Amino acid sequence: MMEKSKRSGFTLQQKQKLVGWLFLIPGVALIIILSFYPAVKALMISFQTGTGANMKWCGFMNYVRIFQDGVFIQSIKNCFFYLIIQVPIMLVLGLALASLLNNPKLRFKGFFRTAIFLPCATSLVAYAIIFRSLFANDGFVNSVLVKLGILSSNYNFLSHAFSAKVVIIIALIWRWTGYNMVFYLSGLQNIEYSVYEAAKIDGANMVQTFFKITAPLLKPTILMTVIMSTNGTLQLFDESVNLTNGGPANASVTMSHYIFNRAFQGVPNFGYTSAMSFVILIMVAILAIAQMKVGDSRD
């Protein structure tokens, strides 16, 4: 067999490697065409101004303009507000639910897991519209709060800056908590239950067991969910568009929403919007690297 392979000019190992590369080429080509080339092209456009065939080189003018754009600065503040408030609540809640649902003695675990995960399977547009109707001036939330005597009259949550942001945070927590819970459940199920039994025999309570056993063993999973949640929040789009439309007066607009508005509403400015997109990329990369450095326990 080896002699036949050598006669054809290739050894069996070389043929296997060649076949492997042949399978990789289509995927690599698609990544280059659909990801790398558009990214490089967008980077080049970020140093240009104008529209269509009238694009002209302008150096770093678009990047300088970003720091003079009050609306974009406001969108950055909004995204970090969502990040600081929503992400910790969502991850802690997801971890707590995963710990509860990992109990082998709990009945109907499948039902509870499905019910909590179900929101993240709903359409982004549909759930945003539902939350918009719930918190409308004549919506369900207002009706309940007025009947309970908490509010004396209907309150328009979506027309006030702070309450509009709070509605977005509530919607994000509702949708994405179950998504992160699934990752934590997967990590918990890889921990031998005998470890918990040994801790119980040694007299450890639930809090000590969580912080001394569960949290350290779930550290890689927690780090992954933190990075994913951070990246997703900084690129938030659907909730801002469909829930509050960035209002009132851009008080809840996100960076991606503002970029979309500048690119496709009114006179398009693809050079400026490309520059803003790369600013988001840089922020996401810096935060991801920082989180990985903090979470890396190796020497």
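The structure displayed is predicted, hence computed values, not measured ones. Worth knowing before you read on, the calculation uses all heavy atoms, side chains too, and leaves out hydrogens, waters and symmetry mates.
- Screening Ile259, Val284, Ile66 against Val279 for a side chain to side chain contact (heavy atoms under 4.5 Å, CB included) leaves a single residue, Ile66.
- Closest approach of Met181 to Ile116, counting heavy atoms only: SD-CG2, 3.7 Å.
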Margin query: I'd like to know whether Thr225 forms a side chain to side chain contact (heavy atoms under 4.5 Å, CB included) with Tyr179, so could you lay out the CA-CA distance, the side-chain angles of the two residues, the decisive distance to 0.1 Å, and finally the verdict.
Written below: CA-CA 10 Å; Thr225 55; Tyr179 179 80; over 6 Å; no

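- For the residue pair Thr11 and Gln14, the shortest heavy atom distance occurs at N-OE1, 3.0 Å.
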Next item on the list: I would like to know whether Ile173 and Ile169 meet side chain to side chain contact (heavy atoms under 4.5 Å, CB included); could you show each step before the answer?
Entry: CA-CA 6 Å; Ile173 292 172; Ile169 289 172; 3.8 Å; yes

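- Within a 6.0 Å radius of CD in Glu197, other residues, nucleotides and ligands contribute more than 12 heavy atoms.
- Without hydrogens or angle criteria, Ser186 side chain to Val182 main chain gives no donor-acceptor distance under 3.5 Å.
- With rounding to the nearest 0.5 Å, the separation of CH2 in Trp174 from CG in Leu93 is 13.5 Å.
- In this structure, Ser229 and Thr233 approach most closely via the heavy-atom pair O-OG1, 2.7 Å.
- Between the Asn62 side chain and the Gln48 main chain, a donor and an acceptor come within less than 3.5 Å of each other.
- Remark: side-chain polar atoms of Ser252 are paired, donor with acceptor, to backbone N or O of Gly247 under 3.5 angstrom.
- The number of heavy atoms from other shown groups lying within 6.0 Å of CD (Gln13) does not exceed 12.
- The distance between the ring centers of Phe67 and Tyr63 does not fall below 6.0 angstrom.
- Applying the ring-ring contact (aromatic ring centres under 6.0 Å, His included) criterion to Trp57, with sequence neighbours excluded, gives Phe47.
- When all heavy atoms of Leu124 and Asp238 are compared, the closest pair comes out as CD1-OD1, 3.4 Å.
- The same ILVMFWY cluster, assembled from side-chain heavy atoms under 4.5 Å apart, contains both Leu185 and Phe112.
- No single ILVMFWY cluster, assembled from side-chain heavy atoms under 4.5 Å apart, contains both Phe211 and Val92.
- The main-chain N or O of Asn137 is found under 3.5 Å from a side-chain atom of Asn142 such that the two form a donor-acceptor pair.
- Here the CD atom belonging to Gln189 is positioned 5.5 Å from the CG atom belonging to Asn102, to the nearest 0.5 angstrom.
- In terms of the ring-ring contact (aromatic ring centres under 6.0 Å, His included) criterion, Phe23 has no residue partners (sequence neighbours excluded).
- Side-chain heavy atoms closer than 4.5 Å link hydrophobic residues (I, L, V, M, F, W, Y) into clusters, and following such links, possibly through other members, connects Val195 to Leu218.
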Item checked: Worked check of side chain to side chain contact (heavy atoms under 4.5 Å, CB included) between Tyr184 and Leu101 -> CA-CA 10 Å; Tyr184 295 141; Leu101 295 176; over 6 Å; no

Item checked: Step-by-step side chain to side chain contact (heavy atoms under 4.5 Å, CB included) determination, Leu281 to Phe278 -> CA-CA 5 Å; Leu281 174 64; Phe278 273 93; 3.7 Å; yes

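- Under a cutoff of 6.0 Å and an axis angle of 45°, Arg65 and Tyr272 form a cation-pi pair.
- Going from atom CZ of Arg175 over to atom OG of Ser123 covers 7.5 Å, rounded to the nearest 0.5 Å.
- Nearest heavy atoms, Ile33 versus Pro38: O-CD, 3.2 Å.
- For the side chain to side chain contact (heavy atoms under 4.5 Å, CB included) with Ser240, the qualifying choice from Thr254, Asn78, Asn245, Asn250 is Thr254, the only one to do so.
- Among pairs with a residue in residues 142-170, those fulfilling ring pair (Phe, Tyr, Trp, His ring centres under 6.0 Å) read Phe135-Phe157, Tyr155-Phe157, Tyr155-His160, at least two apart in sequence or across chains.
- Remark: side-chain polar atoms of Asn242 are not paired, donor with acceptor, to backbone N or O of Ile129 under 3.5 angstrom.
- Summarising the geometry of Pro248 relative to Leu158, their closest heavy-atom pair is CD-O, 3.8 Å, with the distance given to 0.1 Å.
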